There are 2 protein chains.
Amino acid sequence: MLTIGQLADYAGVTTKAVRHYHERGLLAEPGRDSSGYRRYDAQHALTLVKIRTLADAGMPLARVKDLLDADPDTFAAAIAEIDQDIRKRIAQLRRARAQLAQLRGGDRLFVSPEIADYLDELRELGVSERQVCLERDGWILMHAASPEDVSRWIAEKRRLLADPEFRTLYREHDAAYDWSPDDPRLPALAERTRTWAAGHHPSEAERVDNPTIARLAARTQAGASSPAWDRLARLIKS
Amino acid sequence: MLTIGQLADYAGVTTKAVRHYHERGLLAEPGRDSSGYRRYDAQHALTLVKIRTLADAGMPLARVKDLLDADPDTFAAAIAEIDQDIRKRIAQLRRARAQLAQLRGGDRLFVSPEIADYLDELRELGVSERQVCLERDGWILMHAASPEDVSRWIAEKRRLLADPEFRTLYREHDAAYDWSPDDPRLPALAERTRTWAAGHHPSEAERVDNPTIARLAARTQAGASSPAWDRLARLIKS
DNA sequence: GCTTGACCTTGCCCCAGGGGCAACGTTCGA
DNA sequence: TCGAACGTTGCCCCTGGGGCAAGGTCAAGC
């Protein structure tokens, strides 16, 4: 007859776990010897190994309990199900591993592939990393606030970037961030921007009156501006 | 600016989880709007996705917290470690799957390969499944109570089974379980057993005076006897 | 016989990672 | 204007045990 420690060692668990299984009704309480120690027999060892096998496979103890005295068909079905579950979990772990690797480089992890591609295009255009981050943050907010609009807006942005004049303006605005607010190039840039805006026929998509988006855009800009940008904004409005 | 629900949906978690991360200090509490609602920006979304990526990889939240503002080297090292861990867990799951499959057939799962082989030999000899179970339970107890003795005893048992007379006696004892206690074959079997025992030179191993084992054996037998076996035992002793 | 160390007993609180519910305030669209 | 859907805090609950306390017990060696 075995003590709780011997039984636990045999099954590769702690004595604590064995007592836990008693509490949860998974393992029958054995008889006690004269000193009150639990004394186990081989049947307990068999059951304990079964419990561990099922629990190691990720089955909750409550289900293990039901299953221990279920008929063979139920048992087999449960085994099959758990087996499927294990395969799913392996796949999940593989995915987690891949995600983890992404964490080290780039922002593909944080935005949809569509947006990530767009950001890469900006980079190829020579846009500063600061500006790319600003864009990324804007798209994250948009994606979170109204995901169904993202595709349309991305398409619109792409359409604009196809216009050489817009591309030039975009890059100059980007560069202007670091200029002095008194930089003589600012009035000229403002003028060119207004000219472009006047000649530019706003598309359907752009006129979408989504107040959420409008407020969102305003906030995003507000967070990260510079003296030169502030002046530029005033010059364009005036 | 996002509400907690939008942020949570974006990262694929529950609002409860987001609040949990605030409590644990993983995610900075954002400002509140006039009604007391939390209002999040893109930075929160970035951090939240990072948190989930690390947590999904099995990292405890406490470590995630430390890692979120660690230097890149520490971060990379931690990533590598977690990656190793994931691979280990995948291997573990695979093992669990294999064990699970074993659960459906035989008792290889419960005893060492050595003992399982021995039990299979008994089966080939035509020993009843009842007797094989009895043996199995005995070996489980021995393995749990004093694993270092198992190999020696198994070898001894094998040596005995090589003796044709012992094999015959073993099988007849097995069969006698179901006999009536008045069966006329019992006295003859007892006599043959005594003759064999007298002519049998007990080996070194057999005389090992392990009182634990002796008590153990006695208990095992006591649990599963039959009227015929009881009579047989009395006949042999007398 | 005595000590020492390893074992056993019960009981209680602790952890992650949230879920669920209460009881209430806010916002938004029809 | 009203109801649904969302937000707030706070509390207790779950799993699968770990850790520790405050003892009782057992076997070995001296």
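Below, chains carry the letters A, B, ... as their sequence lines are ordered, and counting in each starts from 1. Values below: every heavy atom of this structure, side chains too, minus hydrogens, waters and symmetry copies. Every value quoted in this text rests on a predicted model; they were computed, and no experiment measured them.
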Ring centroids only, cut at 6.0 angstrom: are A/His44 and B/Phe110 within range, meaning strictly under it?
no

Using only side-chain N and O atoms of [X], determine if any of them is under 4.0 Å from OP1 or OP2 of [N].
{"X": "B/Ser35", "N": "C/dT27", "result": "yes"}
{"X": "B/Arg19", "N": "C/dG17", "result": "no"}
{"X": "A/Thr3", "N": "C/dC7", "result": "no"}

State which of [options] makes the closest approach to the side chain of [X].
{"X": "B/Ile4", "options": "D/dG7, C/dC8, D/dG16", "value": "D/dG7"}
{"X": "A/Arg24", "options": "D/dT9, D/dT15, C/dG18", "value": "D/dT15"}
{"X": "A/Arg38", "options": "C/dG17, D/dG16, C/dT10", "value": "C/dT10"}
{"X": "A/Arg52", "options": "D/dG16, C/dC8, D/dG17", "value": "D/dG17"}
{"X": "A/Tyr37", "options": "C/dC8, C/dG18, D/dT15", "value": "C/dC8"}
{"X": "A/Ala17", "options": "D/dT9, D/dG7, D/dG17", "value": "D/dG17"}

Show your working on salt bridge (charged side-chain N to carboxylate O under 4.0 Å, His left out) between B/Arg152 and B/Asp149 and close with a plain yes or no.
CA-CA 6 Å; B/Arg152 219 152 17 88; B/Asp149 292 333; 2.7 Å; yes

With a 6.0 Å cut-off (strictly less than), is the heavy-atom count around CZ of A/Arg87, excluding the residue itself, greater than 12?
no

Whether the side chain of B/Tyr21 and the base of C/dG17 hold a donor-acceptor pair under 3.5 Å is what I'd like checked.
no

Does a side chain donor of either B/Tyr118 or B/Arg136 reach within less than 3.5 Å of an acceptor in the other side chain?
no

